[in-house]
Protein chains: 2
Amino acid sequence: MRERSIFAGLSGEELCALGMDVVDLELGAGTTIYHEGEDACCAYTLREGAVKLVKSLADGRAQIVRLLHHGDLFGFEGLHRQRHQHTAIALSTVKLCRLDLRELDQLSQRLPVVREAIFRRWQRALEEAESRIVDLGARRAEARLATFLLQWAEAYPQHRSLPFPLTRQDLGEFLGLSTEHVSRIMADFKRRGWLRESRGTLEILMPQALREDSAS
Amino acid sequence: MRERSIFAGLSGEELCALGMDVVDLELGAGTTIYHEGEDACCAYTLREGAVKLVKSLADGRAQIVRLLHHGDLFGFEGLHRQRHQHTAIALSTVKLCRLDLRELDQLSQRLPVVREAIFRRWQRALEEAESRIVDLGARRAEARLATFLLQWAEAYPQHRSLPFPLTRQDLGEFLGLSTEHVSRIMADFKRRGWLRESRGTLEILMPQALREDSAS
DNA sequence: CGCTATCTTGACCATAATCAACCGGAGTGG
DNA sequence: CCACTCCGGTTGATTATGGTCAAGATAGCG
């Protein structure tokens with residue numbers, strides 16, 4: 001489903017060999033990687049862990065615009081825009097690969113394959129954004145949460161018990177719901193025996209039930 | 001604000017001169033330009049009029065994913081995907097410029113400027129999609145409608161009285177609201193003297209009031 | 001003039017937000 | 001070791017926002 005490899009085959013090491021000076025980073029949960037509106041100097045690839053991209057509202061609330069997993073790229077809006085469009089925050093301990101945007105731009109001018117790879121990621125980001133628009137615009141809370149959990153699980157195909165570093169508030173900010181409502185629905189799912197949860201991990205016991213629920 | 005020119009300076013005629021065989025089309029309001037899931041052979045630039053990109057839901061409802069104005073490009077997802085991701089429907093009489101995707105792809109391989117132009121459009125589409133996610137996820141009906149009307153107006157900077165071919169249902173499908181609720185809010189805006197509406201045109205009498213309302 | 005679409009309005013209902021209290025685990029300090 | 005606090009989560013009661021259903025109103029159109 002997802003192309004997990006960085007740059008569709010070009011790993012960080014290979015980029016490095018191509019003349020990029022790539023910096024590996026490891027950051028703790030909760031660390032802000034960059035701020036919305038900040039001058040964009042770097043883009044990142046996410047090697048391990050999860051990251052949220054957040055837009056802050058005037059009234060202090062926040063909306064999570066995108067959630068990133070192993071293999072995802074972010075901070076690339078700086079290729080054309082001067083400033084970052086979101087705040088990027090690590091949800092768990094993350095391993096990143098930092099790329100200089102100026103170098104990356106030059107590299108992508110020279111190597112069509114790199115440009116192509118970025119382009120494809122961009123396209124997938126747009127598709128995902130559009131399917132979230134449909135979700136938020138046309139589906140109810142329960143269905144949104146159900147689809148979300150299933151999608152989250154897709155990001156960890158090998159795991160039976162998923163890493164799940166999201167708080168109820170994160171879920172709410174992603175799904176456009178209050179923390180209380182998220183909590184109620186999660187409790188409901190658990191009561192029905194569809195889920196099990198403990199200390200940052202999640203187990204989906206009855207994906208089919210969730211799938212049916214997400215259809216409604 | 002918006003880059004209105006096609007291909008950031010490359011007009012349809014210029015593309016034609018570059019060896020693209022570009023077909024000009026004129027279609028009536030309500031015409032379906034292509035269907036979701038259909039094999040994508042062509043992309044389009046919108047020379048005149050407005051188009052909606054729609055995703056249909058299982059239960060028969062629809063969500064408008066994007067609204068397009070003069071100068072916008074659409075159908076380009078076919079560059080990488082085989083199939084169209086939305087249904088494109090003309091809201092008014094439209095003048096289109098049809099581009100063969102295969103040719104366009106080749107052209108964009110040869111001319112970095114073309115590729116760059118498409119890339120930038122893609123990026124703007126993503127930004128708009130993300131701001132709609134914030135809208136749908138975090139703002140109330142009134143605020144969403146207010147911001148939408150102001151944005152619609154931006155697409156017609158020269159007009160005092162705007163072309164407004166959207167039905168209440170279109171508005172609802174775009175904003176994630178029922179037609180009735182849209183109707184109520186529109187009536188409210190009109191009662192407060194912020195808008196005037198007649199026969200497919202809209203006049204924004206008090207943009208400042210709308211702006212304040214859209215902030216809440 | 002009558003037909004049909006769309007729009008409007010009202011009454012009622014459902015979904016989800018808000019407000020508030022409480023629970024429970026992880027740290028912290030005595 | 002135990003109280004205490006803090007934070008996130010849960011639950012309940014109440015409110016509000018917006019959806020649904022149904023009945024008119026309006027306007028384009030043959």
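Only heavy atoms go into these numbers, but all of them, side chains included; no hydrogens, no water, no symmetry mates.
Looking at heavy-atom distances under 4.0 Å, Ser183(A) makes contact with a base.
Asp135(A) contributes no side-chain N or O that, together with a main-chain N or O of Arg132(A), makes up a donor-acceptor pair within less than 3.5 Å.
Ring geometry, Tyr44(B) versus Phe74(B): the interplanar angle falls under 30°, so the pair is classed parallel (tilted spans 30 to 60°). Ring geometry for His69(B) against Tyr156(B) counts as perpendicular: the plane angle is over 60°, on a 0 to 90° scale with 30° as the lower cut.
Using a 4.0 Å cut-off between charged side-chain N and carboxylate O, Glu128(B) and Arg66(B) make no salt bridge.
A straight line from CG of Asp188(A) to P of dA16(C) spans 12 Å, rounded to a whole angstrom. Per the geometry, CG belonging to Leu145(B) stands 13 Å off P belonging to dC7(C), to the nearest Å. Atom-to-atom, CD of Glu142(B) to P of dT17(D) comes out at 9 Å; the value is rounded to the nearest Å. Atom C1' of nucleotide dA14(C) and atom CD1 of Ile185(A) are separated by 14 Å, given to the nearest angstrom. As a whole-Å value, the separation of Met186(A) CE from dT10(D) C1' is 12 Å. What separates CD of Glu197(A) from C1' of dG25(C) is a distance of 14 Å, to the nearest Å. The separation between Leu195(A) atom CG and dG9(D) atom P is 15 Å, rounded to whole Å. Spacing between atom CG of Leu136(A) and atom C1' of dA16(C) amounts to 14 Å, rounded to whole angstrom units.
Of the candidate nucleotides dT11(D), dT8(C), dA16(C), dT11(D) has the atom nearest to the side chain of Arg191(A).
Residue Arg139(B) places none of its side-chain N or O atoms closer than 4.0 Å to OP1 or OP2 of dA17(C). Proximity of Arg168(A) to the phosphate of dG8(D): no side-chain N or O atom is located under 4.0 Å from OP1 or OP2. For the OP1/OP2 pair of dA16(C) and a distance below 4.0 Å, the side-chain nitrogens and oxygens of Arg184(A) include no atom meeting the criterion.
Heavy-atom distances to DNA chain C give each of Arg199(A) and Ala141(A) a nearest nucleotide, and the one nearer the 5′ end belongs to Ala141(A).
Atom CD of Gln208(B) has more than 12 heavy atoms from other residues, nucleotides or ligands within 6.0 Å.
Pair assignment for dT26(D): none, as no Watson-Crick or G-U wobble contacts are both less than 3.5 Å.
Interface residues of residues 169-181 of chain B facing DNA chain D, ordered by number: Gly176(B), Leu177(B), Ser178(B), Glu180(B), His181(B); criterion, heavy-atom separation under 4.0 Å.
Taking the six-membered ring for Trp and the full ring otherwise, the centers of Trp152(B) and Phe164(B) sit less than 6.0 Å from each other. No close placement of the Phe76(A) and Trp122(A) rings is indicated, their centers lying 6.0 Å or farther apart.
Look at dA5(C): its glycosidic torsion is within 90° of 0, and that puts it in the syn range.
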